[in-house]
Amino acid sequence: MSTSVSQTSIPKHFDPASVEEKWYRFWEENGFFHSEPDDRESYTVVIPPPNVTGVLHMGHMLNNTIQDVLVRRARMLGKNACWVPGTDHASIATEAKVVQKLRKEGITKADLTREEFLEHAWEWTDEHGGIILQQLRKLGASCDWERTRFTLEDDLYESVIDCFIELYDRGYIYRGKRMINWDPEAQTALSDEEVIHREEQSKLYHVRYRIKNSAEWVTIATTRPETILADTAVCVHPEDERYQNLIGKTAIIPIVEREVPVIADEYVDMEYGTGCLKITPAHDENDYQIGQKHDLEIIDMLNPDGTLSEAAEHYIGSDRFEARQRIIDELEEREQLVDTEKINNKIGYSERTDAVIEPRLSLQWFCRMDELSRPAHENVMNDNIQFHPAKFKNSYNHWMENIRDWCISRQLWWGQRIPAWYYGHGKDDYVIAKTENEALEKAREKSGTPSLGRDDIRQDEDVLDTWFSSWLWPITVFDGIKDPDNEEINYYYPTDDLVTAPEIMFFWVARMIIAGYEFRNEKPFSNVYYTGIVRDSQRRKMSKSLGNSPDPIKLMEQYGADGVRAGMLFSSPAGNDLLFEEQLCEQGRNFANKIWNAFRFLSMNKKEETDYSPELRIDESNLVDRWMFSRLHETIDAINNDMESFRINEALHKIYSLIWDDFCDWYIELIKADERGAKIPADRLARGLNFFEQLMKLLHPFMPFITEEIWQHIRPRETGEAMIVASWPQFDSTAVSEDDQALFGTIQRIISAVRNIRAEFKMSPNDEIELLINAKDKQTEEAFRQNSWIFEKLQTIARFEVKAGLSKPGTSASAVVEGSEIFVPLEGFVDIEKERERIQKEINRLEGFLKSVEGKLSNEGFINNAPEAVVQREQNKKQDTETNLEKLRGILSELTA
RNA sequence: GGGCGAUUAACUCAGCGGUUUAGAGUGCUUCCCUUACAAGGAAGAAGUCGCAGGUUCGAAUCCUGCAUCGCCCA
């Protein structure tokens with residue numbers, strides 16, 4: 001055995017750790033990730049910006065792997081690929097974290113001025129921000145890091161404020177008192193989208209209220225008995241016969257002993273509860289509507305932190321849930337609690353703090369959506385912007401048709417501060433202005449008080465919803481708001497593909513589309529690829545709180561970034577959830593190792609480390625070359641189609657199978673040297689390595705590190721010849737030959753049949769056999785004869801004979817493959833009974849098949865209606881099967897010994 | 001309550017335009033450390049494609065209903 005240097009220097013197992021950092025630095029340092037506008041076609045992706053203080057989780061892994069696959073392929077296709085990374089300031093989440101950290105240090109937010117608090121927040125951001133971006137590098141993400149943006153940096157801040165002012169001027173933004181979703185933990189308003197509704201088992205309390213000046217009672221049902229303290233009416237359905245006599249009377253609220261009217265409204269559902277509703281206009285959206293209609297008093301009984309306010313009169317200062325229990329107890333004591341019913345109802349929780357949401361009447365800023373959203377609605381429905389998979393158009397459509405105004409103010413400090421300035425206490429005593437000076441001027445004018453000074457105006461304390469900044473992301477990363485006609489925005493916008501989770505379709509995707517049309521009069525991207533949600537084996541969503549998510553960094557250390565990438569993509573078609581198991585990564589790692597060893601083997605066969613020069617032409621006289629060439633191009637075409645329709649896992653499966661099943665299992669086996677220990681002849685090796693290079697190109701978007709490593713090893717390359725910028729293989733339809741593939745396929749099946757015989761009769765691969773083939777016809781005989789070397793290479797054969805009309809030798813194991821009879825003489829070896837069983841089994845299989853084919857052909861409807869080609873195909877199948885069966889039966893009859 | 005989706009081998013999943021008695025990975029059985037790879041090779045077993053109807057020459061695939069599960073919205 002030869003012991004060349006190369007053979008010993010390449011390790012048997014691929015070690016990802018040793019190459020990943022090296023190549024990542026190489027790519028980055030040589031500017032391959034960086035994009036500048038030029039003459040080429042642009043391909044642009046903006047990253048869904050992760051929370052600035054977040055850490056990488058499996059969802060990011062999947063999402064960013066997919067983006068990287070798209071971007072790398074586009075780059076190889078010669079496009080000017082630009083993937084813009086960045087982070088989101090995530091106001092609620094980040095502010096909550098900072099508040100928590102300060103609390104540990106004994107500082108409460110109330111002790112600090114806004115400026116002091118923001119200093120702490122920035123400190124925190126500087127410390128933790130960007131960790132996630134560092135982690136993305138480990139994954140191989142080919143982002144243009146020079147373009148990294150942050151939603152709260154100065155330029156983006158200013159852009160958001162400009163947009164607010166613009167929308168205000170266009171009449172879309174208004175300030176209004178509305179029922180909003182209040183998060184008592186974060187002490188801020190939330191948009192409807194930030195509330196998660198969960199169905200829970202809870203109780204419906206039936207409470208009776210006394211009717212004034214009467215012995216009568218009226219029984220209401222409520223799930224939130226504490227709000228009784230703020231009731232200002234009792235309501236029944238106007239047609240409810242049970243309660244006709246009560247309408248117009250006065251009921252007395254228990255505990256507070258307040259007198260309230262009994263009113264009638266069609267809103268009441270007579271079937272639900274007692275059919276009698278208590279009305280609390282300050283703490284329920286629907287009650288508020290009824291309150292407005294009937295001009296009811298509004299009593300706000302809650303403090304911002306969820307404790308009871310003075311207005312509650314009782315239990316002042318106690319928490320809402322504590323108060324609930326105490327009120328239940330008191331009602332029971334007073335014998336006014338008549339029943340407790342178990343029911344399922346939906347309870348809203350804060351997406352960020354998980355606190356139970358309180359509907360609360362509050363003065364907030366809103367963005368009117370009806371008109372604004374129209375182009376965004378249309379252009380998705382008409383496929384101007386395509387969703388992948390398209391099924392998500394349905395939910396988009398539904399949301400758009402029922403779109404509600406967007407509550408955009410948040411009672412937080414971390415974010416873009418609302419540019420509203422108040423000069424009085426009246427509802428309209430404010431101006432919208434970019435600067436204090438401008439505000440002062442406007443305020444003087446609007447109020448008609450030229451003497452107003454700086455101290456007379458104060459800016460709104462609140463900030464804007466984070467999504468009000470990220471909806472501009474595809475525009476602001478190219479400074480398209482501040483500088484609407486700059487070269488970059490004109491070149492990169494609209495971007496091409498957006499990869500994100502369906503969970504944020506409304507939060508983000510829909511709003512980006514809205515902003516795109518409003519501020520650029522153009523879509524922000526052409527395709528939206530929705531990934532699935534990464535779940536654990538129990539189908540639970542992976543989350544930090546459950547602790548069921550593996551640490552992606554550790555996973556990559558264990559299986560290699562390539563292994564994890566491939567593992568995640570194997571089973572995650574667009575929009576389908578991914579049940580993540582480490583086994584998937586194992587499959588990816590094993591694949592990398594397989595490729596590594598194919599490379600190692602080919603390298604071992606080079607005479608010198610550097611003696612390889614590519615041979616781009618195949619050996620036309622060699623069936624194996626022609627077959628591999630055909631398979632390669634067939635696959636290039638298929639992968640291109642898959643990628644263009646975002647079937648990324650399909651594309652990966654195809655390249656996986658081409659490399660492993662075709663190239664490793666057959667092609668490499670067949671280019672091996674004829675003699676033991678000898679090297680592969682140089683010309684064969686050159687062609688083999690050329691195929692290998694093409695395969696590495698096709699795989700590169702999926703597994704960037706190992707492909708670059710091998711690419712650079714195969715032969716010396718200039719920096720500009722790196723894999724990352726290599727050209728994507730061009731599909732050549734003339735390379736695809738059905739005949740070559742059919743012939744090679746037949747040979748493969750004959751080899752398999754022989755292997756099966758060996759296995760059945762417990763022969764070792766090294767036992768010499770004779771292989772005799774009675775070819776179907778002269779033409780087949782000639783084809784097999786020409787390619788006899790293939791049989792001899794893959795089997796240990798003492799004698800090979802092929803002839804049309806060859807008669808069956810004495811005792812032998814047999815098989816029939818596509819009309820040709822295969823004989824392996826096994827004097828003394830063969831167990832006749834066993835051979836009979838084998839043949840009989842095959843006969844049974846073919847008979848079953850024949851029956852189904854005959855079934856079709858005997859159906860007149862099929863003959864008359866099916867396309868001619870289909871009928872013809874069935875007829876061919878019938879004939880072929882009959883021929884095979886006939887031969888097998890002949891073989892079987894001779895076995896009656 | 002409204003909408004969307006899923007149900008395919010023991011497990012996790014593909015299956016795009018209707019037509020080789022349904023594919024992959026894992027697991028399982030048998031054999032093999034055969035001149036790269038045991039993280040490997042060879043052979044094999046394994047599925048009435050959730051149920052019931054319908055359309056069609058032909059249905060895992062299209063339609064309707066049902067069951068179970070999931071997601072989104074109110």
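Each chain gets a letter, A, B and so on, in the order its sequence line appears, and its residues count up from 1.
A/Arg755 comes within 4.0 angstrom of the backbone, heavy atoms only, and of no base. The residue A/Lys877 sits close only to the backbone: its heavy atoms come under 4.0 Å of sugar-phosphate atoms, none of a base. Across all strands, A/Lys672 comes closer than 4.0 Å to base atoms (heavy-atom distances).
No donor-acceptor contact under 3.5 Å links the side chain of A/Gln795 to the base of B/A42. In the interface, the side chain of A/Arg600 is not paired with the base of B/C37 through any donor and acceptor atom under 3.5 Å apart. Between the side chain of A/His13 and the base of B/A39, a donor-acceptor pair under 3.5 Å is found. Side-chain atoms of A/Lys12 stay outside donor-acceptor range of the base of B/C37, with no qualifying N/O pair under 3.5 Å.
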Quick one: which protein N/O atoms are closer than 3.5 Å to N/O atoms of nucleotides 27-29 of chain B? Pair and distance per line, please.
none

Validation: residues 862-872 of chain A side-chain donor-acceptor distances under 3.5 Å, sequence neighbours left out:
residue: A/Asn864; atom: ND2; partner: A/Glu860; partner atom: O; Å: 3.2
residue: A/Asn865; atom: ND2; partner: A/Gly861; partner atom: O; Å: 3.1
residue: A/Gln872; atom: NE2; partner: A/Asn876; partner atom: OD1; Å: 3.1

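Residues that satisfy the salt bridge (charged side-chain N to carboxylate O under 4.0 Å, His left out) test with A/Lys672, not counting sequence neighbours, are A/Glu669. Every residue two or more places apart in sequence or in another chain was checked for a salt bridge (charged side-chain N to carboxylate O under 4.0 Å, His left out) with A/Arg758, and none qualifies.
The 5' end of RNA chain B is approached more closely, in terms of each residue's nearest nucleotide, by A/Glu650 than by the other of A/Glu650 and A/Glu760. Nucleotides of RNA chain B nearest to A/Ala598 and A/Ala866 differ in position, and the one nearer the 5' end is that of A/Ala598.
For the OP1/OP2 pair of B/A45 and a distance below 4.0 Å, the side-chain nitrogens and oxygens of A/Lys841 include at least one atom meeting the criterion. For the OP1/OP2 pair of B/A43 and a distance below 4.0 Å, the side-chain nitrogens and oxygens of A/Ser752 include at least one atom meeting the criterion. Dashed line: the shortest gap from a side-chain N or O of A/Asn597 to OP1 or OP2 of B/A36 is not under 4.0 Å.
Separating the C1' atom of B/A6 from that of B/U12 is a span of 14 Å, rounded to the nearest Å. Nucleotides B/U19 and B/A60, compared at atom P, are 10 Å apart to the nearest Å. Between B/G15 and B/A67, the distance separating the two C1' atoms is 24 Å to the nearest Å. Atom P of B/A45 sits at a distance of 16 Å from the matching atom of B/G25, rounded to the whole Å.
Here the two rings, on A/Tyr530 and A/Phe392, have centers that are under 6.0 Å apart. Aromatic rings of A/Phe570 and A/Tyr656 (six-membered ring for Trp) have centroids within the 6.0 Å cut-off, being under it.
In secondary-structure terms, RNA chain B builds stems of at least 3 consecutive Watson-Crick or G-U pairs, each pair having both distances under 3.5 Å, at B:1-7 with B:67-73, B:10-13 with B:23-26, B:28-32 with B:40-44, B:50-54 with B:62-66.
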In B/S/- notation (B base, S sugar-phosphate only, - none; protein heavy atoms under 4.0 Å), nucleotides 68-74 of chain B written 5' to 3' is ---SSBB
